Amino acid sequence: MADTDASNNQRIRQVVLAIPAGQVATYGTIAEKAGLGRAARRVGHALHKLPADTRIPWHRVVNAQGHLSLPKNSDAHATQRERLKLEGIEFSVNDKIDLRRYGW
DNA sequence: GTTATGACGCCGT
DNA sequence: AACGGCGCCATAA
């Protein structure tokens, strides 16, 4: 496998797809699972570039703080939150997810 | 070509 | 707990 950007991107997608429903993974974890080391940022960008019709469950990706990274006023943020809730993930009053419970 | 920014994380203070 | 600095890497300007 060539270490091209495309293959890296594909590895990221693969890892995200492997996240079990009802659980969430952090960017850092995904980066490590994808063999990208500590390039957590790389994961964020890969997801941001995903098309709207993607089948990737990007909503299961949150940051290490346990909350959604997208801007609060953004649609994506609301969508993500809604989907996670549908999967049985609960948010605290501070819009935070308990990673110790839902973390992959 | 270089510089700045970002869906991030870790560590030190 | 909060804030700043550094690393890491892709994309935009």
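Numbers restart at 1 for each chain; the letters A, B, ... are given by sequence-line order, proteins then strands. Worth saying up front: this structure is predicted, and the values here are computed from it rather than measured.
- To the nearest angstrom, P of dG6(B) lies 15 Å from OH of Tyr27(A).
- Per the geometry, CG belonging to Asn8(A) stands 10 Å off P belonging to dC9(C), to the nearest Å.
- For the P atom pair drawn from dA4(B) and dG5(C), the interatomic distance equals 15 Å after rounding to whole Å.
- The same ILVMFWY cluster, assembled from side-chain heavy atoms under 4.5 Å apart, contains both Leu47(A) and Leu36(A).
- Separating the CG atom of Asn63(A) from the P atom of dC10(B) is a distance of 10 Å, rounded to the nearest angstrom.
- Here the straight-line distance linking atom CZ of Arg83(A) with atom CZ of Arg60(A) works out to 9.5 Å at 0.5 Å rounding.
- Closest to the side chain of Thr26(A), from the set dG9(B), dA7(B), dC9(C), is dG9(B).
- Protein atom NE2 of His67(A) is 12 Å distant from nucleotide atom P of dA1(C), rounded to whole Å.
- Here the shortest heavy-atom pairing between Ala46(A) and Ile12(A) reads CB-CD1, 3.6 Å.
- Taking atom CG of residue Leu70(A) and atom P of nucleotide dG6(B), one finds them 14 Å apart after rounding to whole Å.
- At a threshold of 4.0 angstrom between heavy atoms, the contacts of Arg41(A) include nucleobase atoms, whether or not backbone atoms are also involved.
- Spacing between atom NE2 of His45(A) and atom C1' of dT5(B) amounts to 8 Å, rounded to whole angstrom units.
- Taking every side-chain heavy atom of Ala39(A) into account, dC8(C) is the closest of dG9(B), dA10(C), dC8(C).
- A 6.0 Å sphere centred on CD of Glu32(A) holds no more than 12 heavy atoms belonging to other residues, nucleotides or ligands.
- The nucleotide whose nearest atom lies closest to any side-chain atom of Trp58(A) is, among dC8(B), dC9(C), dA7(B), dA7(B).
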Which dot-bracket string describes DNA chain B (Watson-Crick N1-N3 plus N6-O4 or O6-N4, or G-U N1-O2 and O6-N3, all under 3.5 Å; [ ] crossing; | other strand)?
.|||||.||||||
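- Residues Leu86(A) and Phe91(A) do not share a hydrophobic cluster, defined by chaining ILVMFWY side chains whose heavy atoms lie under 4.5 Å apart.
- Rounding to the nearest 0.5 angstrom, the gap separating the NE2 atom in His59(A) from the CD atom in Glu82(A) is 11.5 Å.
- dA2(C) and dA7(B) have their C1' atoms separated by 23 Å, given to the nearest Å.
- Between Gln65(A) atom CD and dA7(B) atom P the separation is 14 Å, expressed in whole Å.
- Mapped onto DNA chain B by nearest heavy atom, Arg42(A) and Ala64(A) fall at different nucleotides, with Arg42(A) at the one closer to the 5' end.
- Protein atom CZ of Arg38(A) is 14 Å distant from nucleotide atom P of dG9(B), rounded to whole Å.
- In the hydrophobic clustering of ILVMFWY residues, with side-chain heavy atoms under 4.5 Å counting as a link, Tyr27(A) and Ile19(A) come out together.
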